[in-house]
Novice: 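Have a look at this one before I ask anything.
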Amino acid sequence: MNWIIENMPIISVIIGVALLLFLNMKWKLNSFVALLISAIVVGFLNGMGPLDLLDTIKAGLGSTLGKLALIIGFGAIIGKLMVDSGAAQRIASTLLNKFGVKKVEWALIIIGAIFGISVFYEVAFIILAPLVISIAIEAKVPYLKLGITMVAATTLAHSYFPPQPGPTALVEAYGADMGMVYIVGIIVFIPAVLVGGIIFPRLMKNLDHPIPPLMAKPKEFTDEEMPGFWTSLIVPLIPAIVITVATIVNMFIEEGTTFYQILNFVGSAEVSLLIAVLISIYVFGIRVGRSMNDVMDSFSGAIKGIAMIIFIVGAGGAFKEIIIQAGVGDYIAGMMQNSSISPLIMAWFITALIRIATGQGVVSAITAAGIVGPLMDTFDVNPVLMVLATAAGSNTITHVNDASFWLFKEYFNLTIKETLKTWGLLLFTSSVVGLGVVLILDIFM
């Protein structure tokens, strides 16, 4: 009995995930309801009082939607306006003409990496997903094949490179040189994205799925009807440009000033996306001859198509919050505290375990750094490699407790099993390759 009580945090998570899979896959219960039921069960198993449990669920759902609801909604609107105006078709056809069907993956890796470094992952995904689907339609290839390539580049760039919050926190925790993190990070990024984004989808079978209804192209546009290529590309890049400029300028100005507040207001993900939405209404609507009523129909269609995704992502946040409050991260951290394995492998393993258990990349990375960081003086290891090993662990396989898992699943209209086989294996593969490259570099650095 004592053993069960001591290990209840991890036991409860296993029971909660098993229940969620049973409700969703066996009973076909909506993922939103199944997530909430599973969260309640995990909370009670960990001894939470009913009112504390309710407050935790509301906090998790509220904090997740507070961060992501506007991002997902605005991103979906931009994507829908691009599809309905022909802008997505313009980018797709131009990239295909330039690179050809066989090499368009390389274009997606470059675009995915740029977005992954510049904006939050959810922003990058929600803007790039319709583009990927449009390219796949034009190229007559399964959209998941190209979707995996895009996600590989975006998630890896998001995990490895500052100014994203995870790697930025790791640079500070390990005392690493940020410039070297970029340089060595590229060396780790390239093999990981090649294996996860190019080789992995080519080996996968049964990737041919119907186009998600939200992204179905309304018609085949003529060349005259579509916006220009650079216009079509730059407008969805506006959030990335604004956020990047704000990040750079922040390095040279004083916090708390009026200019600082205005800059970071405009440079937030939400406001920069709102600016892009307003510009999209004109560029992808009025300017190409669409009436405002027609544009607003696209606007409403995007929100209707994304509404259930937002609810499910929010419920995933509630489930995640229950798991965090149950102390799963602390349990895993304590279990690994006195391990004698390589510090690089230890950092990756602790981070990966916490990411799998909690669904939180940044939380898992910072927790692992908190355990391993104080021991850096006793290790003969390069701090830059510690940053990258931990970052690789934060990008490992995730499942039903991760909001990004549900975003991938619902947007691409997949089952849980299909999502685990694509999203899950993609992250696991690229994470292991990243660790492998770090261990090889450790021989020479």
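What you see is a predicted model; the values in this text were computed from it and never measured.
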Novice: Suppose we call two aromatic rings close when their centres sit under 6.0 Å apart. Are F412 and F125 close by that rule?
Specialist: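 Between F125 and F412, which both carry aromatic rings, the centre distance is below 6.0 Å.
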Novice: Would you say T396 and W348 are linked by a side-chain donor-acceptor pair, where the criterion is simply a distance under 3.5 Å?
Specialist: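 No.
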Novice: Do T419 and W406 come within less than 4.5 Å of each other through their side chains, counting heavy atoms only?
Specialist: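 T419 does not reach W406 side chain to side chain.
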Novice: Evaluate the side-chain proximity of I416 to F405: yes if any heavy-atom separation is below 4.5 Å, no if none is.
Specialist: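 The answer is yes; the side chains approach within 4.5 Å.
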Novice: Locate the shortest heavy-atom distance separating G314 from L65; write the atom from each residue and the value.
Specialist: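 Minimum heavy-atom contact is CA-CD2, 3.6 Å.
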Novice: What closest approach, in Å, do A176 and V387 show between heavy atoms, and which atom pair accounts for it?
Specialist: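 So the two residues come closest at CB-CG2, 3.7 Å.
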Novice: For N46 and S12, test the side chains for any donor-to-acceptor distance below 3.5 angstrom and give the result as yes or no.
Specialist: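 The answer is yes; a qualifying pair exists.
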Novice: Can you name the residues that form a side-chain contact (heavy atoms from CB on, under 4.5 Å) with V249, not counting sequence neighbours?
Specialist: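 side-chain contact (heavy atoms from CB on, under 4.5 Å) check on V249 returns V245, I253, F259, L263.
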Novice: Within the side chain of S394, is there an N or O that forms a donor-acceptor pair under 3.5 Å with the backbone of A391?
Specialist: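 Yes: the side chain of S394 pairs with the backbone of A391.
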Novice: Less than 4.5 Å apart, side chain to side chain, heavy atoms only: is that true for F284 and M82?
Specialist: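 Yes; the side chains approach each other to less than 4.5 Å.
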Novice: Would you indicate whether F22, at its atom CZ, is surrounded by more than 12 heavy atoms from other residues, nucleotides or ligands within a distance under 6.0 Å?
Specialist: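 Yes, the 6.0 Å shell around CZ holds more than 12 heavy atoms from other groups.
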Novice: Roughly how far, to the nearest 0.5 Å, is NZ of K417 from OG1 of T422?
Specialist: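 Rounded to the nearest 0.5 Å, the OG1-NZ separation comes to 12.5 Å.
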Novice: For residues 192-203, which residue pairs qualify under salt bridge (Lys or Arg N to Asp or Glu O under 4.0 Å), counting only residues two or more places apart or in two chains?
Specialist: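 Passing the test, one end in residues 192-203: E105-R202.
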Novice: Walk me through whether I37 and L19 qualify under side chain to side chain contact (heavy atoms under 4.5 Å, CB included).
Specialist: CA-CA 9 Å; I37 292 173; L19 175 62; 4.2 Å; yes
Novice: For the backbone of L156 and the side chain of S159, can you confirm whether one donor and one acceptor N or O come within less than 3.5 Å of each other?
Specialist: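 Checked: no pair found.
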Novice: Tell me, with the steps shown, if L45 and I15 meet side chain to side chain contact (heavy atoms under 4.5 Å, CB included).
Specialist: CA-CA 9 Å; L45 285 174; I15 293 173; 3.9 Å; yes
Novice: Using 0.5 Å steps for rounding, measure from the CE atom of M346 to the CG atom of L344.
Specialist: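 M346 CE to L344 CG: 10.0 Å, rounded to 0.5 Å.
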Novice: With a 4.5 Å cut-off on side-chain heavy atoms, are L435 and L388 touching?
Specialist: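 In short, these two side chains do not touch, never coming nearer than 4.5 Å.
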Novice: Taking all atoms of both residues into account, what is the closest heavy-atom pair of L426 and G196, and its distance?
Specialist: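 Here L426 and G196 meet closest at CD1-O, 3.2 Å.
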Novice: Rounded to the nearest 0.5 Å, what separation is found between the OG atom of S280 and the CD1 atom of I275?
Specialist: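 Nearest 0.5 Å value for the OG-CD1 distance: 11.5 Å.
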Novice: Kindly indicate, with the supporting measurements, whether the criterion side chain to side chain contact (heavy atoms under 4.5 Å, CB included) is fulfilled by I345 and L439.
Specialist: CA-CA 8 Å; I345 296 176; L439 293 175; 4.0 Å; yes
Novice: Report yes or no: do D442 and N382 form a side-chain donor-acceptor pair below 3.5 Å?
Specialist: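 The criterion, which ignores hydrogens and geometry beyond distance, is not satisfied for N382 and D442.
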Novice: Answer whether the closest heavy-atom distance between the side chains of W423 and L414 falls below 4.5 Å.
Specialist: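 No, their side chains stay 4.5 Å or more apart.
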Novice: If every non-hydrogen atom of A153 is compared with every non-hydrogen atom of A113, which pair is closest and at what distance?
Specialist: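 For A153 versus A113, the nearest heavy atoms are CB-N, 3.9 Å.
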Novice: Could you grab the distance from atom CG of L194 to atom OG of S430, nearest 0.5 Å is fine?
Specialist: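 Here the interatomic distance stands at 11.5 Å.
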Novice: At their closest point, which heavy atom of A34 faces which heavy atom of L23, and how far apart are they?
Specialist: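 Nearest heavy atoms, A34 then L23: CB-CB, 4.0 Å.
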Novice: Compare all side-chain heavy atoms of L146 with those of M150 and state whether any distance is below 4.5 angstrom.
Specialist: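 Not in contact.
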Novice: Does a sphere of radius 6.0 Å around CZ in F311 hold more than 12 heavy atoms from other residues, nucleotides or ligands, not counting ones at 6.0 Å or beyond?
Specialist: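 Incorrect, the count does not exceed 12.
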Novice: Which value, rounded to the nearest 0.5 Å, describes the distance between K145 atom NZ and L108 atom CG?
Specialist: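 Those atoms lie 11.5 Å apart.
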Novice: Between P201 and T149, is there a side-chain heavy-atom distance shorter than 4.5 Å?
Specialist: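 In short, these two side chains touch, coming nearer than 4.5 Å.
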Novice: Measure across A192 and Y160 and return the closest heavy-atom pair with its distance rounded to 0.1 Å.
Specialist: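 Smallest interatomic distance, heavy atoms only, reads CB-OH, 4.5 Å.
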Novice: Is F428 atom CZ crowded by more than 12 heavy atoms from other residues, nucleotides or ligands, each under 6.0 Å away?
Specialist: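 Incorrect, the count does not exceed 12.
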Novice: Would you call I186 and F161 a side-chain contact if the rule is heavy atoms closer than 4.5 Å?
Specialist: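 Yes, their side chains come closer than 4.5 Å.
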Novice: Judged by atom type as modelled, is there a donor-acceptor pair below 3.5 Å linking the side chain of E321 to the main-chain atoms of A318?
Specialist: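 Flag not set: sc E321 to bb A318 has no pair under 3.5 Å.
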Novice: When you look at Y143 and I135, which way does the side chain to side chain contact (heavy atoms under 4.5 Å, CB included) test go after all the steps?
Specialist: CA-CA 8 Å; Y143 70 83; I135 292 174; over 6 Å; no
Novice: Rounded to the nearest 0.5 Å, how far does NE2 of H158 lie from OG1 of T155?
Specialist: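 NE2 of H158 is found 9.0 Å from OG1 of T155.
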Novice: Check L35, I322, D52 against I57 for a side chain to side chain contact (heavy atoms under 4.5 Å, CB included) and give me the one that passes.
Specialist: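 The side chain to side chain contact (heavy atoms under 4.5 Å, CB included) with I57 is passed solely by I322 among L35, I322, D52.
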